[in-house]
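The structure under discussion appears below in the form of structure tokens.
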Amino acid sequence: MAMNYNAKDEVDGGPPCAPGGTAKTRRPDNTAFKQQRLPAWQPILTAGTVLPIFFIIGLIFIPIGIGIFVTSNNIREIEIDYTGTEPSSPCNKCLSPDVTPCICTINFTLEKSFEGNVFMYYGLSNFYQNHRRYVKSRDDSQLNGDSSALLNPSKECEPYRRNEDKPIAPCGAIANSMFNDTLELFLIGNDSYPVPITLKRKVLLGGQIKCEIQKSPGGDNLEERFKGTTKPVNWLNPVYVLDSDPDNNGFINEDFIVWMRTAALPTFRKLYRLIERKSDLHPTLPAGRYSLNITYNYPVHYFDGRKRMILSTISWMGGKNPFLGIAYIAVGSISFLLGVVLLVINHKYRNSSNTADITI
Amino acid sequence: MAEALQWARYHWRRLIGGATRDEDSRPYNYSSLLGCGRKSSQTPKLAGRHRIVVPYLQPFKDEYEKFSGAYVNNRIRTTKYTLLNFVPRNLFEQFHRAANLYFLFLVVLNWVPLVEAFQKEITMLPLVVVLTVIAIKDGLEDYRKYKIDKQINNLITKVYSRKEKKYIDRCWKDVTVGDFIRLSCNEVIPADMVLLFSTDPDGICHIETSGLDGESNLKQRQVVRGYAEQDSEVDPEKFSTRIECENPNNDLSRFRGFLEHSNKERVGLSKENLLLRGCTIRNTEAVVGIVVYAGHETKAMLNNSGPRYKRSKLERRANTDVLWCVMLLVIMCLTGSVGHGIWLSRYEKMHFFNNPEPDRRIISPLLAGFYMFWTMIILLQVLIPISLYVSIEIVKLGQIYFIQSDVDFYNEKTDSTVQCRALNIAEDLGQIQYLFSDKTGTLTENKMVFRRCSVAGFDYCHEENAKRLESYQEAVSEDEDFTDTLSGSLSNMAKPRAPSCRIVRNGLLGNKPSNRLAGSSFTLGSREGASEVPHSRQAAFSSPIETDVVPDTRLSDKFSQITPRLFMPLDETIQNPLLETLYIIDFFIALAICNTVVVSAPNQPRQKIRHPSLGGLPIKSLEEIKSLFQRLSVRRSSSPSLNSGKEPSSGVPNAFVSRLPLFSRMKPASPVEEEISQVCESPQCSSSSACCTETEKQHSDAGLLNGKAESLPGQPMACNLCYEAESPDEAALVYAARAYQCTLQSRTPEQVMVDFGALGPLTFQLLHILPFDSVRKRMSVVVRHPLSNQVVVYTKGADSVIMELLSVASPDGASPEKQQMIIREKTQKHLDDYAKQGLRTLCIAKKVMSDTEYAEWLRNHFLAETSIDNREELLLESAMRLENKLTLLGATGIEDRLQEGVPESIEALHKAGIKIWMLTGDKQETAVNIAYACKLLEPDDKLFILNTQSKDSGLRAGLIITGKTLEFALHESLQKQFLELTSWCQAVVCCRATPLQKSEVVKLVRSHLQVMTLAIGDGANDVSMIQVADIGIGVSGQEGMQAVMASDFAVSQFKHLSKLLLVHGHWCYTRLSNMILYFFYKNVAYVNLLFWYQFFCGFSGTSMTDYWVLIFFNLLFTSAPPVIYGVLEKDVSAETLMQLPELYKSGQKSEAYLPHTFWITLLDAFYQSLVCFFVPYFTYQGSDIDIFAFGNPLNTAALFIILLHLVIESKSLTWIHMLVITGSILSYFLFAIVFGAMCVTCNPPSNPYWIMQEHMLDPVFYLVCILTTCIALLPRFVYRVLQGSLFPSPILRAKHFDRLTPEERTEALKKWRGAGKMNQETSNYANQSADKSGRKPMPGPSAVFAMKSATSCAIEQGNLSLCETALDHGYSETQAFEMAGRCKD
């Protein structure tokens, strides 16, 4: 209403009546974009048009589902619960904290032989490794070998940051609660005494990948490097004597790395060891009786947790999981069924959806 | 209230100003301070309501300081921000938005260590992005304003300087109150000032107010009384007068105050004395004024209220759903907190994974649950879509862009297209239920054409004129080609700021083929409207269709009886015919002078015509001119043959003839020699040249004498006088008078000069003008008649008003009185007749006053004029005293043609289910007929006037209500009944409605019926209505820019409304509502993934997604597709929407976004998030997957689900959609890969390292994503398919049309319509059989009578009950009587 409105208009583009300005009109460009006439794909979703989609989905999903299901079923897997809360369990004795070290043995039988590489997992249930404050309680720079962070861990690690005025290495709740049971597997053959089965490590961790994240501070003498730090409260040994193998100590200890990858769900398994396939002729684990020797250190019973040892072969799709296959088959079938329903609908209501008869 | 505020502000200013002044003066001027203490104790009281201005000059310095020191100077600043305060102020303003505050709250919350969910900095990111985007937008807008301000502030004007004793150049910003300013012609006025001097000897100054209100006609301003007589320029040094006026206000049409000379003599000031900032001086060499208001206190700036902010219905709806989202959020967070409490009570002692506080303390489950509530709010914050508001704004900008670039809204003639002034209510266009339209200028062209008149009871129907009007249209099209070349050369000559160059210069005329001249000059006028002038209104008053009037033969004959002798001492013998002739003379004089038309000559743009030689002695010059005429008429007799001889050679004879009205009239008569000679003997015949200026006359004179062929006698008809009228009606009347050789020659505040053919030039001494206003509905001039030397009042106004003011004649009175009675009855009949034809009627009346009566009135009037308080009332009273006991002279009928495309548009809007109300100030018959013409009412509509309980509601019905009745209807007690009634009617016509009533009607309907209203209008009288409605649309027509300025959208023609509503409104609404729903869906679906995860992490607030991905998911990966969807989605093509207006109804019923749609959308979102979470959950259950690796397939699947969901919902997908969707997916993967490779420890504790890379090598990842996406989308997809085949909505069915070939399409349309009509016809048939009587399209006179009786009844009853009068087609008198009798008590 006031003059600066007009002034604005003039600044904007000027009145079209500018002398000699015949070329300058306000006529908008007649382009397809500006007139909103861009060529467009205009899907009309009616039974007739989408029929093929349902059948195609059905036809693709059902075979995939069957494939996955078969694959999953071919995977051999055995779980041994050794929590020991049941009185009958050999590990029941280890529930009291007085017995240290407590070693218990559980025998089990493999009905079928395990072919190929067999993976040995330890599994925990009801263990909330994904608790927010738990997840946060670590110092990535420390783990990455940053020497300043080694001696001065991040605040996130509280209250497992310092112990008796010494920085904890590795600091934080995750490291502090590291799984520290030792599992050994023996094949009890027809002979009287059990044959130990070689449990390997390292190869499975994707080579160097994980090591890039978690590096031990450099130097040959690990103990020297970790000088001035102290071990996590719950640990038995400091981080530089986690394993007998000198290359598997410090922050690059495989068990430690595996543990530090916090599990997504409260029931999880973590890779413990690999039982390598020796030859094509013999199964890696032939059917028979085995015994599992556990050095029981890790208490889970007081939060109703369970501990398991899992032996599993692996396929292209990982471990045993029937869900995906079944889901694919189910969805495929439903889709097929819907296709049939729509076919009927299309047949019955064709006239109404036909363009020639669009009436109220 | 406002006054009190002003007062407080003034005091505050004084306080501040006073404090500083005190400190300055204390050391040496203490006593003087005490001295004025007494004075100042009384001035504030006075100054609190009034402002005192004294010159800003040396002698009055102290006084100036005292009064004007605190007034603001002329520097303006419309920017909101300065460089320094931009950041704080912008943030402050942004945080006024509740949504932004909410997010700020979240950010702050995240800084509380106990509840912290994310890293502190990360939560700020979305807020910062949103704030920055809006701040940049605001900043750019403000910068543009700043540049304009600077430009304006640095304009130069001439201000009197006391140092140099002359006017020096100074910037606008340095002008202060009390400055003397001297302006020359065409300069812009820098501040509001009182006019003290004008070079014009009459002391007037013309200003153009187009900068203020867009009206391009000139307005007169007058030098303050007492100064006008001074010959020399006012000397600022000697100016010792004090001005007292009201405090700054924004009323443009009011200025009250007085000027107090040093001798205490007071002179009243009115708006006539005020020059307003922003106007341009025209036609006046130089003026001097004293500034009274400057800068932001000027009326122009106070009127600048800035852009309006309206909230659309859709946004309000969305806001309530945002609140629902908040509810949902609270519920989810409560679940989380309770869950955490319970979980914690189970694991309280478990330090293993229940990480204790840093001080190794375990907080109690209750407290932890409380903390968790806030953590959850931070975690799930995305549920409240922060980006929704930003996206809505962007989408609206896009929609506006497309509306504005629609080529269908382009109007060639005015070179204008649709203007979207409000940026945020475009989607309301798709939901309009009630449309309120002005008639004049909106439905009609507002090009007034004189059609008929009735003088002294005789009707002159001007048939030739009607014929000419019909042939006009064709002629224009034929002429176009010819004038193209001509106008090219001419437009170059025309000055850019000379809109009135409608008539060709003389010199040029001479060089052109003579017989085309008149025609070409006319077409130039109309073409100029197209090419030269931005707004057609500037040229409109002079387009040939309006300026040309073919005189009625009968009336012309009567003119021949006019001789100057009539005014000689009365001759008793020829009394009777004489009376009629006198009536005719008076009638035309009234037409010519009873107005405020400004005369200007087009060849010298806006220079006033002066006639120094003719001014003084009319009688003498009469004789002179008479002799001149006689000479001319000799030549003239040969002209017809000359013309007809030339005719065949001319290219377009028809057009030519139609342009030369005089000839076309004479041509058929030419065989009858006698008649010609008779006509030509009368001076009137040749006086066609009389309307030319002196120079022109000389020119043509010379041409004739030299016998040059170029100067055709007909040429002078292209008269060089231009009339600038405030309303087109006035111009039409003046042009009509000119056609009868009663030409308005010049107008000054003192006198009006009329060249009356037979009587010669008459100079009327102008004693007074009572301007038109909408309350009185009339205007008057008081003049001294030069011939009779009497004081005569000529009044022109609406018939209803004038008729009441006529002198009451006793039936047994004298014969003139009797005659007057007869005239009155006859004229009333003619008026009804005119109105029935849809003409605008005006009555002309006069009154002769004695000098003593006049003096008496004048004395009272002066009192009224000089009073500051209650001035309006007093002036109104004063006018009432003058305008009474009038003598009716006659009436005029002016046609206002319908705009093209109006009936079609109204029909389409009707079909779209929009109820259309026409609110007009015109009288009922006119309104009803226009309503029929534009198909607002159908011929077989039942017409209800006033109120009725409709028995057969299935019928279409129209309601007509008049202004007076409307007053009752708007009364509180009857509002409900009135609305109930109108809800039965398809169309309502309110006639004789005042602007206030118009807005009240809109307000009533809007607030009581809870409907979406749209008001469209073009004039200042529609402004209030436009502002009240949900959407106001201004038509940039003839009546200035006020309506456009107040509107949300401005169109150039009414017909554009149909596309604006049916297509763009529909699109905008569906697009935006779908986008908003999609936004809710998107956020809920995504956030719920986090929520479900809480069940598996002890409700601890863990997120299984990296924070960056979480933030970017909304901000980047899924933000562009919905925006594109909101801008480009097209459910049905524009053609189909136009062809099937019924589709608009879906928007009216808000079908795209109903409350339950929101809940269904949320339900779907819940389902999808469940699927999206649990399919991966069951897949990875019990495996060794880590947190962020688990989140990755969730995110990826969610991305696909969300994007494909959009594809399912989209009705049309262009390459842009595809591009954006692919871009979103690619950017997601790219980000995940790059982030996974680069960011190892940058974002502890999450560790995205190599996760995506590993997953992309894992077939299970793909299988999971595909399965999840399929299961999640299946229900919606199936629903859409079933909807498409089993129960398609009209829109879905209409969509099929777009796929058809044109032939099939017309076929299908026919079928669609056929089905619709079937129902209608059956009901119609039933109705017809019930009522077989002949249907008249219009209510007969009896109907009018019934209406009147009913109205009067309603008034008489006094208890405001509505009366019931059904004007059915089978209507009869008895029925009417019955109905009228059934007035409720």
Side-chain angles (χ1 to χ4, degrees), chain A residues 1-4 6-8 11 15-17 19 25-28 30 34 36 38 40-42 45-47 50 128 130-138 140-141 144 158-159 173 177 209 213 261-267 269-271 303 317 319 323-324 327 331 345 349 353 355 358-360, chain B residues 78 148 211 278 300-301 303-304 347 350 352-353 355-356 358 360 402 405 407 410 415-417 496 532-534 1045 1096-1098 1100-1102 1104 1178-1179 1182-1187 1190 1212-1214 1240-1241 1244-1245 1249-1250 1260 1263 1267 1270-1271 1280-1281 1284-1285 1293 1295-1296 1300 1308 1311-1312 1315:
Chain A
M1 190 154 269
M3 57 175 305
N4 64 333
N6 296 315
K8 197 153 100 189
V11 171
C17 64
T25 70
R26 292 190 187 180
R27 175 188 277 278
N30 199 356
K34 282 199 169 186
Q36 309 190 59
L38 283 177
W41 176 51
Q42 300 186 313
L45 300 179
T46 56
V50 298
Y128 287 85
N130 55 13
H131 189 282
R132 181 170 56 92
R133 266 182 283 129
Y134 180 86
V135 169
K136 267 170 37 178
S137 186
R138 60 192 278 170
D140 278 354
S141 342
N144 203 25
E158 291 283 10
S177 60
I209 294 173
I213 308 169
R261 288 186 62 189
T262 46
L265 300 166
T267 299
R269 65 176 68 167
K270 282 184 182 285
L271 188 62
F303 57 89
M317 53 164 288
F323 169 76
L324 207 56
V331 172
I345 287 175
Y349 290 84
S353 61
T355 50
I358 313 167
T359 48
I360 295 166
Chain B
T78 56
I148 296 159
M301 294 303 292
N303 259 299
N304 180 8
Y347 298 104
M350 179 57 201
F352 233 38
F353 48 79
N355 202 14
R360 289 173 195 262
F402 277 121
S405 49
V407 81
Y410 180 73
D415 186 37
S416 65
T417 179
E532 284 282 304
V533 186
M1045 287 297 184
F1096 301 96
C1097 69
S1100 60
T1102 315
M1104 69 292 183
F1178 285 120
T1179 308
S1183 76
D1184 60 344
I1185 197 159
D1186 69 62
I1187 294 182
F1190 178 66
S1212 87
L1213 294 158
T1214 63
V1240 179
T1241 57
Y1249 190 72
W1250 225 246
V1260 175
L1263 288 173
L1267 182 69
C1270 283
I1271 298 178
R1280 288 283 174 220
V1281 169
S1285 359
R1293 278 184 288 133
K1295 211 181 148 200
H1296 287 281
L1300 304 179
K1311 278 200 169 180
W1312 179 301

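Chain identifiers are assigned alphabetically (A, B, ...) following the order of the sequence lines, protein sequences preceding nucleic acid strands; residue numbering begins at 1 within each chain. Here the structure is a predicted model, which means the values were calculated and not measured.
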Between the side chain of S137(A) and the main-chain N/O of A173(A), is any donor-acceptor distance below 3.5 Å? yes
Return the OG to NZ distance between S1100(B) and K136(A), rounded to the nearest 0.5 Å. 10.0 Å
Most heavy-atom pairs under 4.5 angstrom with chain B, which of M317(A), R132(A), R269(A)? R132(A)
Any sub-3.5 Å donor-acceptor pair from D1186(B)'s side-chain atoms to R261(A)'s backbone N or O? no
Donor-acceptor pair between Y134(A) and S177(A) side chains, under 3.5 angstrom: yes
Are the side chain of K270(A) and the backbone N or O of S1183(B) linked by a donor-acceptor pair below 3.5 Å? no
Flag the one option from T417(B), I1271(B), D1184(B), T1179(B) with the top tally of heavy-atom pairs under 4.5 Å to chain A. T1179(B)
Go through the atoms of L1263(B) and report whether side chain, backbone, both or neither lie under 4.5 Å from a heavy atom of chain A. both
Scored by heavy-atom pairs under 4.5 Å with chain B, the best of R27(A), E158(A), Q42(A) is R27(A)
For the candidates T267(A), V50(A), N30(A), which exhibits the highest count of non-hydrogen atom pairs separated by less than 4.5 Å from chain B? V50(A)
Is Y128(A) close to chain B through its backbone or its side chain, or both, or neither, when contacts mean heavy atoms under 4.5 Å? both
